[in-house]
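Beneath this line is the structure, given in structure tokens, with notes to follow.
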Amino acid sequence: MPTILGQNQYGKAENRVVRITRDGDTHHIKDLNVSVALSGDMEEVHYSGSNANVLPTDTTKNTVYAFAKQYGIESAEQFGIHLARHFVTGQEPIHRARIRIEEYAWERIETSDGNSGFLGAEDVKHSFVRKGQETRVTQITYDGEKWEVISGLKDLVVMNSTNSEFWGYVKDTYTTLQEAYDRILATQVSGRWRFNWTDDAQKMPDWEKSYEQVRKHMLQAFAETYSLSLQQTLYQMGARIIDNRAEIDEVRFSLPNKHHFLVDLEPFGLKNDNEVYFAADRPYGLIEATILREGVEPRIPVDMTNL
Ligand SMILES: O=c1[nH]c(=O)c2[nH]c(=O)[nH]c2[nH]1
């Protein structure tokens, strides 16, 4: 039975590009997931395997990163239009380009001096929280006498576009990691905190206010810590909560290190001056620890923060 080729398209999907624009020490982030699908005179590659009309998907990926450097990302629409035009006008066999973009929005973290980044506080110009992400969680246990309340959140994504270093670590035969003196620090916070309210005779905490304040202190510690490791930042986040919230005795965090790798743009004659990053989703470093008020026994289960 004769067969013919129907609709077809190809390209690189889900190019995770993060573009930092530095306006002095105020940083701006564009975080996109860009999928390229091209179609045109592609019969031969399917029928005979001739690649003569095929612009590699790898090239479409490189173009996304190179364009992010060369032209910046004003908006997802502008960026997509620019890419689509480039593929269709630049390659004769390509007649159609479909660029799909998801954009992840980031908001500036308000710091403890009450300023948001837009108001010019020194330390918040590079600290961001991803919009509308987190899930608030709680677990209540009661045995007829004692209460245990462990609350928390998951999927709160934060980023510092500077003030993070990682160096001075152990190096063995298999170590290839380059020391970093100015890197992006990003994580998706999963945290749990245990209240010291245990019986009905005690005054109950204001649960709503507590959540809001814990979240605030945690974010401020993230933004305000000059980080030498995610471990150090994690500890500061927990300590800030315990120091500021008398109703909480124990905090546990599970923090994936969401790696952002600088894209090598040298092959295209472009210098990447800490501007264009590949946001890797896996593997990731996973940093976990409990922070306790002194004298208190740990009770938050080790694996709870991974739920
Ligand atoms: O903050 C970090 N802590 C680590 O333990 C670690 N390990 C690694 O490869 N990168 C990082 N970053």
Side-chain angles (χ1 to χ4, degrees), residues 16-20 22 25 27 29 31 65 104 106 108-109 111 123-130 133-134 152-193 215 217-243 250-265 272-292 298 300 302-306:
R16 292 283 290 104
V17 58
V18 171
R19 173 67 152 100
I20 310 279
R22 294 185 165 74
D25 56 5
H27 297 182
I29 294 181
D31 183 352
Y65 290 108
Y104 309 117
W106 295 83
R108 287 173 199 278
I109 295 176
T111 43
D123 46 358
V124 290
K125 294 175 172 173
H126 56 258
S127 297
F128 304 86
V129 54
R130 210 160 104 174
Q133 286 283 306
E134 87 246 39
L153 54 74
K154 57 183 182 179
D155 301 334
L156 179 69
V157 185
V158 289
M159 175 192 290
N160 282 325
S161 54
T162 188
N163 287 9
S164 168
E165 307 185 10
F166 188 67
W167 48 268
Y169 41 80
V170 173
K171 295 170 189 81
D172 73 3
T173 327
Y174 304 109
T175 305
T176 56
L177 184 73
Q178 296 293 307
E179 298 201 320
Y181 296 90
D182 188 7
R183 67 173 185 172
I184 285 185
L185 186 69
T187 186
Q188 178 166 331
V189 179
S190 179
R192 300 292 184 279
W193 42 91
R215 184 183 186 279
H217 288 298
M218 190 185 71
L219 286 177
Q220 287 176 348
F222 177 81
E224 292 165 10
T225 302
Y226 189 103
S227 178
L228 298 177
S229 65
L230 184 51
Q231 286 90 330
Q232 183 198 20
T233 297
L234 179 154
Y235 187 81
Q236 289 300 319
M237 290 162 68
R240 189 80 76 100
I241 295 169
I242 305 258
D243 287 347
E250 180 184 1
V251 180
R252 185 167 175 84
F253 285 118
S254 176
L255 302 183
N257 194 348
K258 292 172 76 75
H259 302 297
H260 287 68
F261 298 112
L262 270 179
V263 179
D264 180 10
L265 299 174
N272 191 351
D273 197 12
N274 277 1
E275 294 163 298
V276 181
Y277 296 86
F278 158 56
D281 69 341
R282 64 193 74 167
Y284 49 86
L286 186 59
I287 312 296
E288 303 178 296
T290 298
I291 303 93
L292 296 150
I300 302 176
V302 164
D303 289 330
M304 189 178 199
T305 38
N306 275 327

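Just so you know, ligand 1 is whichever comes first in the structure, and atom 1 is the first atom listed for that ligand. All values reported here derive from a predicted model rather than from experimental measurement.
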Any N/O of Ile287 closer than 3.5 Å to an N/O of ligand 1? no

For atom 6 (C) of ligand 1, find the nearest protein heavy atom and state the residue, atom name and distance (0.1 Å precision). Phe166 CZ, 3.2 Å

Give the numbers and elements of all ligand 1 atoms closer than 4.0 Å to a heavy atom of Leu230. 1 (O), 2 (C)

Scanning both residues in full, the closest heavy-atom pair of Ile242 with Glu250 reads CD1-N, 3.7 Å

Considering residues, nucleotides and ligands other than Tyr104, do more than 12 of their heavy atoms fall under 6.0 Å from its OH? yes

Distance from Thr175 atom OG1 to Tyr169 atom OH, nearest 0.5 Å? 7.5 Å

Residue Ser229 vicinity, atoms of ligand 1 by number, heavy atom under 4.0 Å: 1 (O)

Near Gln231, which atoms of ligand 1 are under 4.0 Å from a heavy atom of that residue? 1 (O), 2 (C), 3 (N), 4 (C), 5 (O)

When only distance counts, is Arg183 in polar contact with ligand 1, meaning an N/O pair under 3.5 Å? yes

Considering the options Asn160, Thr162, Thr225, which one meets the side-chain hydrogen bond (donor to acceptor under 3.5 Å, both in side chains) requirement together with Ser127? Asn160

At a 4.0 Å threshold, what atoms of ligand 1 neighbour a non-hydrogen atom of Asn257? 1 (O), 2 (C), 11 (C), 12 (N)

Parallel, tilted or perpendicular for Tyr277 and His260, by the 30°/60° rule? perpendicular

How long is the span from the CG atom in Asp31 to the CZ atom in Arg19, to the nearest 0.5 Å? 13.5 Å

May I ask you to identify the nearest protein heavy atom to atom 9 (O) of ligand 1, giving residue, atom name and distance to one decimal place in Å? Leu177 CD2, 3.5 Å

